[in-house]
Structure formats: C-alpha cells, structure tokens
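Working notes for the structure below.
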Amino acid sequence: MRALCEAGIPVDLIGGTSIGSLMGALYAEDRSHSRMRMRAKEWAMEMTSVFKKVLDLTYPVTSMFSGAAFNSSISNVFKSKQIEDLRIPYFNITTDITASAMRVHTDGSLWRYIRASMSLSGYLPPLCDPKDGHLLMDGGYINNLPADVARSMGAKVVIAIDVLNMAEIQTRLAYVCCVRQLESVKSSDYCEYIRPPIDRYRTLEFGKFDEIAESDYQTDYDEEAMESAQSDMELYNRYGEHTEGEETADTDEELEGRRAAGHTTSLSSSLHPQTPTVSDSPSKQEVLP
C-alpha cells in the first residue's frame, strides 16, 4: 500500500478474493492506506481471540465453527454498508456451490459477500446469498487471483498481488484448479504480478499482522515490474484524455505503447492477513458492467 502510494500510482477499481476481498473493501471505503491498515489490524487482533473461537465451536456436520463470531466480526467492521456505496468501484469473488460457478459481486450487502468470499470449507459453513438463496464459499476455490475479472470490467493495467500460501497440503489441494488460471494471469501483458515473501507464515496467522505487513513493505520487489507499472501509469496520464475513436496507431509498437490508456486496478487474494497494494489517489472512473 505505502509503496505504491509513494510511487504515485492511482487506482480506479479494486477487487479481491478471500482476505483480499476484506482488505480491498477497507481501502475502497476510505481511500486511505493508513486507516485501512489500522482497521485491518483491529479486525485481525479480534480474530486471534481463543475464547471467541472456543465459544464458536460446533458439532462438525458442515464445519468446525458455527460462523456466528466470524459473521459478527465482519458486520461490525462494515455495518450496513452496500458495495455500491463505496468510494472506489469494488468487486469480490465467491464460489457458488449450488450452481458450481464463479460469482462476481458488484452490489449488495458488503459484509455478507466479504464473509462469503472468506468462507473456507471445513472452517465455516457456506453463506446463503440473500438474492437467490444459493450457497456461497471462498472465491479462491474457483479464481484466486481475479485479474481477468478486473480486465473484463475495463481495467487496462492490473496490479495483482498473490499472497496464497501453497506450503500447506490442504491449501494446495483446495486451490489446485486455480493453478492454470494463475499462470495465465502472470503471463498476460496487462498484469503486473507481485508475490510478497509470505511463504514462512501459516494460514490464518492473524497474530503476526504487523510483521507480515512490514516485511512486505521492506521487500525490494523486482525493479523491472515496478518500473513497468510506473511506465504504464505515465502512458495513462499521457493518453488518458483521448477517446477510443481518437486513439489511432500507425504501427504495432504505437498500439502496444497505448495499451495502458485506461483503468488501473489492484487485486489481492489469500488466506493470510495481508494488505492489497493500491494507492491513495482519488478515482473518477466507473466500473463497467
């Protein structure tokens, strides 16, 4: 967050999966990376309460926990806020186990769809969609890094932060179907892929929030990737005022050079208490349907 903000990279659209849906929503609500981190830490510390976990244990027919405490923690953060009320256009991803399909949420109850996007099988029961009654689970099971979704919404430059911990066997099994999609995103020409150093942290280690967040900020990311992102934004600033009809290119090089004249999006997806990296700049863009 701090690094991209300091680099002057703005954001017009933000989305995420699993913990990324929570962090993205916090930023989209306030457009402040410092306030986002403060609120995220408060939530993470609440999630470390052993007492609350014990009280939430249930007979494991569908899950280990009833989900009541988790529901309360998310709803206390966002209250009655709707997705469409956020200051920056936002989306998140869930897995619809009723229809065996990916769901992209751009409107409706914010806390409910964030909770659904973070519903790990075995830990929490699925959430019932208030719109159609379908059962929703963690979006990472079907699309762990939804850069392609952001692209379909009009984003021309996507900064994707992959913070999935693949060190644990259960996690590898759960997200095996996403590997091909992840490789496709990494090799795309519209996506700047960033992988923070989080492999040494276990899933759901919320108590190490500060350590994880600070280590990511201090990491020297690939200079070429950062320079590429900044270059894309410079091209956006140069050509952003042109309409689609006015943008013409006589050569393939010119056409490629203008590919950045559009939205910038940041994505984050993981099971870790990790912040998505976006900037603090205000947005005037609209999410495309």
Side-chain angles (χ1 to χ4, degrees), residues 1 11 13-28 40 70 74 83 90-97 99-106 113-124 126-127 134-153 155 157-188 190-206 212 216 221 225 265-278:
M1 284 293 301
V11 60
L13 173 69
I14 187 167
T17 296
S18 196
I19 191 69
S21 68
L22 171 70
M23 306 307 295
L26 287 173
Y27 183 82
F70 194 76
I74 300 293
I83 292 178
Y90 164 88
F91 72 91
N92 71 21
I93 304 295
T94 63
T95 301
D96 185 338
I97 61 173
S100 299
M102 178 179 75
R103 294 282 294 274
V104 180
H105 305 283
T106 57
Y113 290 126
I114 290 174
R115 194 291 208 181
S117 186
M118 299 174 68
S119 301
L120 290 172
S121 177
Y123 289 94
L124 295 169
L127 188 77
H134 285 204
L135 298 178
L136 307 177
M137 293 293 292
D138 193 300
Y141 295 130
I142 198 166
N143 192 338
N144 188 53
L145 199 65
D148 56 327
V149 176
R151 177 73 166 178
S152 70
M153 290 183 166
V157 180
V158 180
I159 301 174
I161 299 87
D162 176 16
V163 282
L164 174 64
N165 182 3
M166 295 297 284
E168 300 177 12
I169 294 177
Q170 182 179 5
T171 305
R172 284 183 174 271
L173 290 173
Y175 295 96
V176 67
C177 66
C178 295
V179 173
R180 182 176 297 180
Q181 190 270 342
L182 176 60
E183 292 303 316
S184 175
V185 166
K186 290 168 63 176
S187 62
S188 66
Y190 64 84
C191 181
E192 302 297 343
Y193 176 83
I194 297 176
R195 171 70 178 177
I198 46 77
D199 290 334
R200 66 182 180 274
Y201 300 105
R202 296 177 56 194
T203 299
L204 306 179
E205 264 191 312
F206 295 106
I212 295 172
D216 291 342
Y221 292 112
T265 303
S266 179
L267 302 169
S268 177
S269 57
S270 163
L271 304 181
H272 288 285
Q274 179 64 39
T275 57
T277 50
V278 296

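Computed from a prediction, not measured in an experiment: that's the story for all the values here.
- Closest of all the heavy-atom pairs between N143 and T17 is O-OG1, 3.1 Å.
- Between the side chain of Y113 and the main chain of T106, no donor-acceptor pair closer than 3.5 Å is present.
- Within the 4.5 Å cutoff, the side chain of S21 has heavy atoms near those of the Y90 side chain.
- For the pair T94/Y141, no side-chain contact is recorded, criterion being any heavy-atom separation below 4.5 Å from C-beta on.
- When side chains are defined from C-beta on, L124 does not count as touching M118, because their heavy atoms never get closer than 4.5 Å.
- Closest approach of H134 to D96, counting heavy atoms only: ND1-OD2, 2.7 Å.
- Annotation: side chain of L136 is not in contact with side chain of S119 (no heavy-atom distance under 4.5 Å).
- Summarising the geometry of I114 relative to N92, their closest heavy-atom pair is N-ND2, 3.6 Å, with the distance given to 0.1 Å.
- Taking CD1 of I93 as the start and CD1 of I142 as the end, the distance is 9.0 Å to the nearest 0.5 Å.
- Remark: the backbone N or O of S18 is paired with a side-chain donor or acceptor of S117 at under 3.5 angstrom.
- The closest side-chain heavy-atom distance from L13 to F91 is below 4.5 Å.
- Taking CG of L120 as the reference point, atom CZ of F70 lies at 8.0 Å (rounded to 0.5 Å).
- No side-chain heavy atom of D148 sits less than 4.5 Å from a side-chain heavy atom of S184.
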Between I161 and L145, is the side-chain contact (heavy atoms from CB on, under 4.5 Å) condition met? List the steps. CA-CA 8 Å; I161 299 87; L145 199 65; 5.9 Å; no
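- Across V185 and A147, no two heavy atoms sit closer than the pair CG1-CB, 3.6 Å.
- Here the NZ-CD1 distance, from K186 to I194, works out to 13.0 Å after rounding to the nearest 0.5 Å.
- How far CD1 of I97 is from CE of M137: 6.0 Å, rounded to the nearest 0.5 Å.
- The structure places CG of D138 at 10.0 Å from CD1 of I19, a figure rounded to the nearest 0.5 Å.
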Quick one: do V104 and M153 satisfy side-chain contact (heavy atoms from CB on, under 4.5 Å)? Show the steps, please. CA-CA 11 Å; V104 180; M153 290 183 166; 3.6 Å; yes
